[in-house]
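This one's a predicted model, so the numbers in the text were calculated from it and none came from an experiment.
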Amino acid sequence: MVTIVKKDGSFEIFQPDKIKAAIQKSANRVMVSLTENDFSSFLNFITDKLKEEATIDISNMHLLVENALDQVNPAVAKSYRDYRNYTQRSLIYGELNSELYKKFFLNKEERTAMKEGYIYIHGRSARLDTINCCLWDMSAVLNGSFEMGNIWYNEPKTLDVAFDVISDITMSAAAIQYDGFTIPEVDSVLALYAEKSYQKYKQEYIEITGNLNPDQKAENYAYHKIYHDFEQGFQSWEYRFNTVESSQGDYPFIAVSFGIDTSIWSQMATQVILKVREGGQGKTRYKKPVLFPKLTFLYDEILHGKGQPMEHLFNLSIDCSSKAMYPDFLSLTGEGYIPSIYKKYGKVVSLMGCRVSLAPWYEKGGMKPVDKNDIPVFTGRFNMGAISLHLPMILAKSRQENKDFYEVLSYYLELIRNLHKKLMIS
């Protein structure tokens, strides 16, 4: 039994299955299918080299894996090596950007507050280059047509194509920001394209059967085809969002919210996304739930409460959460900021990946409404960066300096406001 010494000094028992999974991903990236004989040859090479070793550090283990892959399949070895080098470059680049931010963007007062731990500036490595969490307006992008990269996309005409296009948009947009990427009320977004597919499948039934007067059988045919499209679409998202790394060398924190649209297709979308997540991904008998997209169920007691028309969807969400940890729940009922916005304007403040809920930005008045008809906008907005306060330390400082807690708190709040203002004009 060989022990691997990791970078942080901790120990881990050598597990062939973990290495096998890593090289499988490397093989997938270059579209190589490794056989069981290939894996056996690879593992035999590794175990032969390790048979006289009690411990090995992780860097040497990586070199050993690369040498073994060179013997089995040089293309997969290069894929494995390139990914390791890319990840290392990303980490180095991130650390460099973080240090440059601290040195050239922060003043002495701000650096001191951060160094002493009273504030924590998230995403320093990317803060000057891009945005963090956003609520992406997917409907607005899909409506009509749009250009992305060097390709012109037409608006999807069917549900299955909509899933593919949304996946492309999500991976592209999430790769040029940091932190969370949320598609709010995704069930409503998809419902439009489900209806288009419904009409297409009914026409398909007519062409297959020759029956020019579509009956219940045609509707059943179309209904089941759409259900299948939802299954395939959500499964494809789970595979892609959990296997394709962003330009920063990590997996984008993608989230979706859903649950309050009462249309037949939105209810089907809610039902299927929960069923897919609960079922998990992987080999039969070894399936497990994935992480992304993060699911948020929007709960409205009038819709989902006892005896209400969509209670069954809430019950499904509870079952899913008990097995897969997701969805999270966002209550639109009761007291508080989010329910008050929903009750007053019918607007949902979907949570960002960082669990932040945006403050209102009004169509006419900006930060404050100009009249009672001014409506807040949430979807299509983003954060410029998050900064945390260490409240226990601030309390301790106020006591140590014999000052009012809120006086010290206001000092750090104003410091943070100025940091955000500097970022906006930099």
Side-chain angles (χ1 to χ4, degrees), residues 6-10 58-59 83-136 172-182 245-255 294 351-359 361 367 381-401 403-426:
K6 301 172 74 173
K7 289 182 179 179
D8 61 0
S10 62
I58 190 66
S59 59
Y83 177 70
R84 280 194 64 226
N85 292 339
Y86 172 74
T87 304
Q88 289 171 349
R89 286 197 302 272
S90 297
L91 292 172
I92 293 169
Y93 178 77
E95 284 300 310
L96 173 62
N97 264 12
S98 178
E99 289 302 312
L100 292 175
Y101 176 85
K102 288 189 289 186
K103 185 172 183 179
F104 296 109
F105 185 80
L106 301 181
N107 60 34
K108 182 178 180 181
E109 181 183 33
E110 294 157 349
R111 280 196 300 272
T112 300
M114 188 187 71
K115 183 178 180 181
E116 293 179 349
Y118 294 102
I119 67 171
Y120 181 82
I121 304 171
H122 299 266
R124 293 191 303 269
S125 62
R127 189 173 165 84
L128 295 178
D129 301 323
T130 184
I131 64 172
N132 73 328
C133 298
C134 76
L135 300 180
W136 187 264
S172 178
I176 57 174
Q177 64 161 78
Y178 64 101
D179 288 350
F181 182 94
T182 299
E245 298 88 355
S246 75
S247 59
Q248 300 179 56
D250 59 6
Y251 298 110
F253 199 112
I254 298 166
K294 172 183 174 287
L351 299 182
M352 295 185 165
C354 57
R355 275 67 169 180
V356 167
S357 53
L358 284 170
W361 182 267
M367 291 184 69
R381 293 173 54 205
F382 61 86
N383 278 340
M384 295 189 68
I387 301 177
S388 295
L389 284 162
H390 199 313
L391 294 178
M393 286 187 62
I394 292 173
L395 175 62
K397 182 172 185 175
S398 68
R399 290 173 175 175
Q400 182 182 19
E401 297 179 354
K403 293 181 179 178
D404 181 73
F405 167 74
Y406 290 102
E407 177 187 350
V408 181
L409 176 62
S410 295
Y411 165 79
Y412 287 107
L413 285 172
E414 190 61 29
L415 185 145
I416 288 173
R417 289 190 190 97
N418 290 331
L419 272 171
H420 287 312
K421 290 175 184 177
K422 277 201 300 182
L423 186 62
M424 292 176 68
I425 62 175
S426 62

If you draw a 6.0 Å radius around CZ in Arg111, do more than 12 non-hydrogen atoms from other residues or ligands fall strictly inside?
yes
Just verifying a value: how many Å separate Ile254 CD1 and Trp136 CH2, rounded to the nearest 0.5 Å?
12.0 Å
Looking at Tyr412 and Ile119, what are the two nearest heavy atoms and their distance?
CD2-CG2, 4.1 Å
Relative to each other, are the rings of Tyr120 and His122 parallel, tilted or perpendicular (30° and 60° limits)?
perpendicular
For Met352 and Thr182 the tightest heavy-atom approach is CA-OG1, 3.6 Å
Within this structure, what is the CG-CG distance for the pair Asn383 and Leu135, rounded to the nearest 0.5 Å?
8.5 Å
Quick one: does Lys422's side chain have a donor or acceptor within less than 3.5 Å of a partner on Phe105's backbone?
yes
Might you point out which heavy atoms bring Leu413 and Leu389 nearest each other, and give the distance in Å?
CD2-CD1, 3.5 Å
Arg127 side, atom CZ; His420 side, atom NE2 - distance, nearest 0.5 Å:
5.5 Å
Within the supplied structure, the quantity of interest is the number of heavy atoms (other residues, nucleotides, ligands) at a distance under 6.0 Å from Tyr406 OH; does it exceed 12?
no
For Asn132 against Ala386, the heavy-atom pair lying closest together:
ND2-N, 3.9 Å
Which residues satisfy the side-chain contact (heavy atoms from CB on, under 4.5 Å) test with Gln400, sequence neighbours excluded?
none
Closest non-hydrogen atom pair between Met384 and Leu423, with its separation
O-CD2, 3.1 Å
Just checking, is any N or O donor in the side chain of Tyr411 or Lys397 under 3.5 Å from an acceptor N or O on the other one?
no
Non-neighbouring partners of Arg417 that pass salt bridge (charged side-chain N to carboxylate O under 4.0 Å, His left out), sequence neighbours left out:
Glu414
Can you list the residues that meet the side chain to side chain donor-acceptor pair (under 3.5 Å) rule with Tyr118, with sequence neighbours excluded?
none
Report the distance from atom OG of Ser388 to atom CD1 of Ile416, rounding to the nearest 0.5 Å.
8.0 Å
Testing the basics here: between Ala173 and Phe181, what is the closest heavy-atom pair and its distance to 0.1 Å?
CB-CE1, 3.5 Å
